[in-house]
Each structure stands twice: as C-alpha cells, then as structure tokens.
Amino acid sequence: APASFPISVEVAKVASSDFSGDALAVGTLKSNESVVLRPEIAGRIAAISFKDGAVVGKGAVLVVFDAAIQDAELQQARANLALARSSYQRNAELVGKKFLSQQALDGSAATLKVQEAAVRLAEAKAAKMRIKAPFKGMLGLRNVSVGDYVKDGQDLINIEDVATLRVDFKLPETYLGRIAKGQRVDVLSDALPGEHFNAVLDAVDPMVDQNGRAISARARLDNAAGKLRPGMFVRVRLQFGERKGVLMVPEQAIVPGGQPAVFKVVDGKAALTKVSLGVRRAAQVEVVEGLAEGDLVVTAGQLKLREGASVKTVGDGAPPAAAPVKPGVADK
C-alpha cells in the first residue's frame, strides 16, 4: 500500500492487574516410607499374623518361619555358655588358691567369650525367623501362605506409610531462583474432582536435569484422612506470593523473532519497542520493561508493519469512532 494510506491493525491497551505468582506442573504421589519385606534366610512359613490391607504398628510380627533348628542351636549355645561360665569360675577359685596356673585361667576366659558370641549368633539367627514391621503403616496384598517354602530375598508383603505422602514433580529451570523450602503447594487429583490438598515444599534437588533442563522438587502432603494413595497422578500448583500492578499484554502482541518486541502505537504511527517478558497466564504475558500502563500495542497485523508506518487502530484499545452528524443539524 502507498505510504500515505494507514494500515489497519488490531490493538489492545497494556493493563495492570494483581495476581499471585505460581507455577503449574504434574506430579506423582509416593509413600512417606515404602518397603517390600523379604526374608534373609530361606525357610518354611509357620504362621501369618496379619490381614491384607491392615494397618500395623512398628515392631509387629507379621510372618513366622519354622525355627525348630534355630531354636535348638540357641539352646545348645546357651548350654555351652553355662558350662564355660562355670568352668571359668571354678578355675578362678583354683588360681586364687595357687592350685592352677594363670595361663589355664586365661584359656577358660577365652572359651567363655567364644560361647557368649555363639549365643548372640544363635539369637540373631532365631530372630531372623520372624519378620517384623519396620514402621507403622498399611500392608499390601500377600502372595504367600502358611506352609510355603520361600527362598532368601523372596517378596513377602509390602508395607506403606500413607499417613504422609510425598509429591514428586518437576519445574523448568527458569524457576530455580523463585522456589524455596517451605513454600505452599496446592495439589489436585482427577480422581477427586473439586478437592484441594495442601502440601509444603520439602526439598529441591541441587542438580538440574541436563536432558530436560528441569528441576526436581518434592513436597509433603498430610494424608491423615486416607483419601489419596501412592502412585496417583496429581496436578501441582506452586505458589510464589501475590504481586501488585503487574503489566499484562496479549501473547499475540509479541513480534516473533529474536529479542521480544512489540509494535506500540504512538500518535498514529507504529513504533517497534523491545520489551522484557515475565510469566505467562491465560493467553496473557507479563511485561517487565519497555511499556507503561495504558500504552496501545498491536495484537494483529504486525507482519504488515514497519517502523514509523501509519496505522488505523481497531479493537479494545482503539479510540471510539465519532458519532455521525445528522443532515441539517449543522445548519441550525
């Protein structure tokens, strides 16, 4: 078009608004503590003292193996210990009466220590024939029965501490300077629509994932009501605090290219203005530097513009058109 003809463009005003800065992500729920119980010694199951899905306390005996051999070894070790202790005491009396040498007493003392160690070893073996809960939690589903012979390391039952859950999620590295331990995290689950769960940011991985340039973070969630379960998919909203007077423009106002820029309308002319951008939300982008509240920016038609081109504005930010004059009114 000739330079004398203005180019029609759509414009919008730069507006300020107050909002709380946040970041959205997806995460996975994990148990606060999670263990699959496995025996350290092979054996035959003699008793199972729990029900599937039950809540058990720390130290509760869950599975008992046939320990006849281990119990017999423990009794034998205790008998040998009693004999060694009696022999040592008798030798000590004889040494006091000069009827026995000190060397013989030292030998009986060493034998006593060996038998004490043998008793502790037998007790440890016998204790491993009972599988106990390492912490208070909810049991899973067992795959063994009384009478089964299981090998060492075979899975017996899983136990999960679900009273508190961990929320693992990732954020882009651009948020590194804005996240800190103790920040509030809002958690939502598609399985429970409309419900919000409050969590607290507990830890941030010091290493950034070099593949996705993402930060791994973990929050803790109180699950005393038991509505959530480990493994669930959740949506995470990390809140950074409320900010006042944030300048926002439509995303389509940003001119594609290298450094972010917009076309600002000044006295009917297009002026290419470089800007610094912040967060994005709901098709709006924050302008940190370069614009002021009330400025008119071009939202459609930038490809036809050049610096200093005459423009004709339409859209939300365009000035209202003059009312048409009725015939004959000017003559009165």
Side-chain angles (χ1 to χ4, degrees), residues 30-166 220 230-231:
K30 295 184 179 181
S31 302
N32 184 43
E33 300 290 348
S34 177
V35 172
V36 177
L37 300 179
R38 301 178 178 92
E40 298 182 34
I41 300 176
R44 191 173 302 279
I45 296 178
I48 296 176
S49 56
F50 66 88
K51 293 183 179 180
D52 294 353
V55 177
V56 296
K58 180 179 180 180
V61 178
L62 304 178
V63 180
V64 178
F65 288 87
D66 183 5
I69 297 177
Q70 287 76 12
D71 291 342
E73 290 178 347
L74 178 58
Q75 292 179 3
Q76 183 182 25
R78 287 173 175 171
N80 292 335
L81 175 61
L83 179 61
R85 184 176 291 116
S86 177
S87 176
Y88 174 77
Q89 293 175 353
R90 182 170 57 254
N91 290 344
E93 294 176 358
L94 293 175
V95 169
K97 297 178 180 180
K98 306 297 183 179
F99 292 153
L100 196 66
S101 65
Q102 183 64 36
Q103 182 178 2
L105 181 61
D106 293 341
S108 61
T111 302
L112 177 60
K113 291 182 179 180
V114 170
Q115 294 304 323
E116 289 175 346
V119 170
R120 290 194 295 270
L121 178 61
E123 289 175 344
K125 288 183 178 180
K128 293 186 181 299
M129 304 308 288
R130 292 171 173 81
I131 305 298
K132 298 181 179 181
F135 50 81
K136 181 181 179 181
M138 180 179 293
L139 297 173
L141 306 178
R142 62 183 173 92
N143 296 316
V144 293
S145 301
V146 175
D148 281 346
Y149 182 85
V150 297
K151 298 181 180 180
D152 55 319
Q154 182 176 333
D155 295 352
L156 297 180
I157 189 72
N158 64 301
I159 179 171
E160 312 286 338
D161 178 8
V162 296
T164 301
L165 296 178
R166 296 179 295 176
R220 291 199 178 270

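- When side chains are defined from C-beta on, E116 counts as touching L81, because their heavy atoms get closer than 4.5 Å.
- Here the closest heavy-atom approach between residue K51 and residue L139 is recorded as O-CD1, 4.3 Å.
- Between I131 and I157, every side-chain heavy-atom pair lies at or beyond the 4.5 Å cut-off.
- Atom CZ of R85 and atom CZ of R78 lie 11.5 Å apart (nearest 0.5 Å).
- More than 12 heavy-atom neighbours from other residues, nucleotides or ligands sit within 6.0 angstrom of CZ on F50.
- Taken to the nearest 0.5 Å, the CG atom of N80 stands 11.5 Å off from the CG atom of L112.
- Taking 4.5 Å as the limit, every side-chain heavy atom of I45 sits out of range of all side-chain heavy atoms of Y149.
- Heavy atoms from other residues, nucleotides or ligands lying under 6.0 Å from CD of Q102 number more than 12.
- Dense packing is recorded around CD1 of I41, with more than 12 heavy atoms of other residues, nucleotides or ligands lying under 6.0 Å away.
- Residues G59 and K132 share a closest heavy-atom pair of O-CD, 3.8 Å.
- Using a distance-only test at 3.5 Å, with no hydrogens or angles considered, a donor-acceptor pair links the side chain of S108 to the main chain of L105.
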Passes side-chain contact (heavy atoms from CB on, under 4.5 Å), V144 versus Q154? Steps please. CA-CA 10 Å; V144 293; Q154 182 176 333; 4.2 Å; yes
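- Remark: of the listed residues K128, K151, R130, K128 is the sole one forming a salt bridge (Lys or Arg N to Asp or Glu O under 4.0 Å) with E40.
- Under a 3.5 Å cut-off, the side chain of D66 and the backbone N or O of A68 do form a donor-acceptor pair.
- The shortest non-hydrogen separation linking A104 to N91 is O-ND2, 4.3 Å.
- At least one side-chain heavy atom of N32 sits less than 4.5 Å from a side-chain heavy atom of R220.
- Side chains of T111 and S87 form no contact here, defined as non-hydrogen atoms less than 4.5 Å apart.
- Ion pair D155/R38 flagged as a salt bridge, since at least one NZ, NE, NH1 or NH2 atom sits closer than 4.0 Å to an Asp/Glu carboxylate oxygen.
- Atom OG of S49 is separated from atom CG of L62 by 6.0 Å, given to the nearest 0.5 angstrom.
- Annotation: side chain of L37 is in contact with side chain of P134 (closest heavy-atom distance under 4.5 Å).
- Closest approach of Q70 and K125 over heavy atoms only: CG-O, 4.0 Å.
- In this structure, P230 and L165 approach most closely via the heavy-atom pair CG-CD2, 4.1 Å.
- The shortest distance between side-chain heavy atoms of P39 and L156 falls below 4.5 Å.
- Heavy atoms only, all atoms of each residue included: I159 and F135 are closest at CD1-O, 3.4 Å.
- A salt bridge is absent between E33 and K136; no separation between the charged side-chain nitrogens and carboxylate oxygens falls under 4.0 Å.
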